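Each ligand, and each atom within it, is numbered from 1 in the order the structure gives. All figures in this text were calculated on a predicted structure; none of them were measured in a lab.
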Amino acid sequence: MTVAPARHFIGGEFRDSLSGQTFDVISPVTEQVVTTAARGDVDDVAAAVKAATDAFAAGDWSRAKPSFRRQVLMKAADLIDQRYPEINRLEALEMGHPIGAPVQGPSRSAWNLRFFAMEQELAGNHSFNRDDNLLTYTMCDPVGTFALISPWNAPFMLSTWKLGPAIAYGNSVVHKPSELSPLSIGVLGEIFAEAGLPAGAYNTVLGFGKEAGAPLVEHPDVIGVSFTGSPATARDIAARVAPQLKRTSFELGGKSAVFVFADADMPKCVATVAAGIFSNSGQLCIAGSRILVQRQVYDQFLEAFVAESKKWVVGDPMEASTRLGPVVSKAQYDKVMGYIELARTEGRVLSGGTRPPGMDTGYFVEPTIIVDAAPSARVCQEEIFGPVAVVVPFDSVEEGLAIANDSEYGLAGYIWTESQTTAHYVAARMQTGMIWVNCFFERDLRQPFGGVKHSGLGREGGGYSREFFTETRFVAFPTTPR
Ligand code: NAI
Ligand code: MG
């Protein structure tokens, strides 16, 4: 597959960097250069922010009727559905996601746009009539130009999760995708142009974090930053924007605990828990990577879990039968393998732990299961972001909760039990932003997505996205007394 060089999308057109610089896009399967991408810097960022800010001031989008915004976004969503095979292939090429094993199904990216197309038009504002003599109501207005910084692990879907609401509410955006995944997002520029989004409302600058991301978040005409990635980068961004008092929304990954109680529906549990850590080669912020199993069923669970892990066929992401592709990059491969080596001293590698036999090229890691590590061990505490599960036994609910909550992170929690009482009890006490009972990653886009502790700051989804991406104001006036 030959792929055209990736370019910035600024003011409605694809552009090279002003400096003429590019960087290589490396295939995680062949470890070879696939194509190049424009290498953005402070000058490209300035051009993109100007295009965005000029478009916002012109008002063709920021002051457009909600019904018009809905029509444009609905058309863009239809085009995403139509072009999904192409988007899917570009993602497989740039970051190794298997085309046959989509994490949320192809429709999720389109759903992100459709959902916010409707939300911005249909959701009501608040109104109150205090003591029947003061009527007040709120208004949600677009704010200006937002910086959106996205990661490589679900490049297209996570971008639309930010772009959808930011644009739907009438803002302009400058999006900086990860340097590891600059290809699939190019399709979106074409889609928005065809859907009739006014030029300048949506812009993409490609490039590295320090060279393009940092000047973008620091730009004085950028009024807020929505970021998904690592806590270290979030801290860096927070420090950069602090002097300008910008709003930020951070989604930062985790080390999410999965409770497997003795009364769980075991076949369904084992298959779904495996999907929760092996999907996308474990490169999911909400991956269920710490699996806490009640002692009575510990051996039974492990036996079934090892057998299940063998069904995660490792291979070329372009082949429909592949469930587990490579991890994204050499750096990520070294990081994951480093944790597996650590597990050999902190605990024991029960299954997997190497490259699949015969696959000498590509950043492939077998589905790996670690046991016998103390809950305080680094492999139980740190986000590995690879197909690596750590399994820990527990006896009482309270002991399990103590282990689950002994974490810097708090993104997702998973509970497998047939007892509603147990599920509610544990859900109320797990220190995480999201809790899934007897399922994995089922979404209702009205609910707040985000984490507690170092897993994030702020929530996105439904009205929470509206709050972040708009300026909420109120109007008050006296009413005639009855
Ligand atoms: P990262 O946090 O460095 O990169 C995420 C995005 O931030 C990329 O677009 C990057 O270019 C940008 N960026 C980096 N430095 C920046 C800066 N100073 N200013 C503005 N933007 C900047 O994550 P990385 O290095 O790709 O992955 C490292 C680890 O982070 C992973 O192993 C994983 O543990 C975690 N991670 C978590 C994700 C999640 O879904 N929460 C997604 C990606 C990574
Ligand atoms: Mg980095």
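Here atom 31 (C) of ligand 1 lies nearest to Lys335 when heavy atoms of Glu383, Lys335, Arg240, Lys210 are compared. Counting only non-hydrogen atoms, the option in Gly229, Ala154, Cys285 that gets closest to atom 40 (O) of ligand 1 is Cys285.
Checking Asp81, Leu183, Ile185, Ile80 one by one against Ile87, the side chain to side chain contact (heavy atoms under 4.5 Å, CB included) holds for a single residue, Ile80.
Inclusion of Ile384 in the set of residues having an N or O under 3.5 Å from an N or O of ligand 1 is not warranted. Ligand 1 has an N or O atom lying under 3.5 Å from an N or O atom of Lys176, backbone or side chain.
Residue Gln332 approaches ligand 1 through these ligand atoms, each under 4.0 Å from one of its heavy atoms: 31 (C), 32 (O). Atom numbering of ligand 1 starts at 1 in the shown order; those under 4.0 Å from a heavy atom of Ile149 are 6 (C), 7 (O), 9 (O), 12 (C), 21 (N). When each atom of ligand 1 is checked for a heavy atom of Phe227 under 4.0 Å away, the hits are 2 (O), 5 (C), 6 (C), 7 (O). Using a 4.0 Å cut-off to heavy atoms of Glu251, the atoms of ligand 1 that qualify are 41 (N). Using a 4.0 Å cut-off to heavy atoms of Trp152, the atoms of ligand 1 that qualify are 24 (P), 26 (O), 27 (O). Of all the atoms in ligand 1, the ones that sit under 4.0 Å from a non-hydrogen atom of Pro151 are 42 (C), 43 (C). Within the listing of ligand 1, atoms 6 (C), 8 (C), 9 (O) sit less than 4.0 angstrom from a heavy atom of Ser150. Near Asp236, meaning under 4.0 Å from any of its heavy atoms, are these atoms of ligand 1: 17 (C), 18 (N).
Within a 6.0 Å radius of CD in Glu218, more than 12 heavy atoms belonging to other residues, nucleotides or ligands are found.
When side chains are defined from C-beta on, Gln381 counts as touching Asp406, because their heavy atoms get closer than 4.5 Å.
Relative ring orientation between Phe146 and Phe469 is described as perpendicular, the plane-to-plane angle rising above 60° on a 0-90° scale split at 30° and 60°. Taking the six-membered ring where tryptophan is involved, the planes of Tyr169 and Phe116 are perpendicular, since the angle between them exceeds 60° and thus also 30°. The aromatic rings of Phe449 and Phe441 lie tilted to each other, with the angle between the two planes from 30° to 60°.
With hydrogens and angles left out, the side-chain atoms of Gln332 and Tyr363 include no donor and acceptor closer than 3.5 Å. Between Thr354 and Glu366, the side chains place a donor N or O and an acceptor N or O closer than 3.5 Å (distance only, hydrogens not considered).
The shortest heavy-atom distance from Pro177 to ligand 1 is under 4.0 Å.
With a 4.0 Å cut-off on non-hydrogen atoms, Leu252 touches ligand 1 through its backbone and not its side chain.
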| field | Stepwise salt bridge (charged side-chain N to carboxylate O under 4.0 Å, His left out) check, Arg378 with Glu346 | value | CA-CA 8 Å; Arg378 284 183 58 202; Glu346 287 191 331; 5.4 Å; no
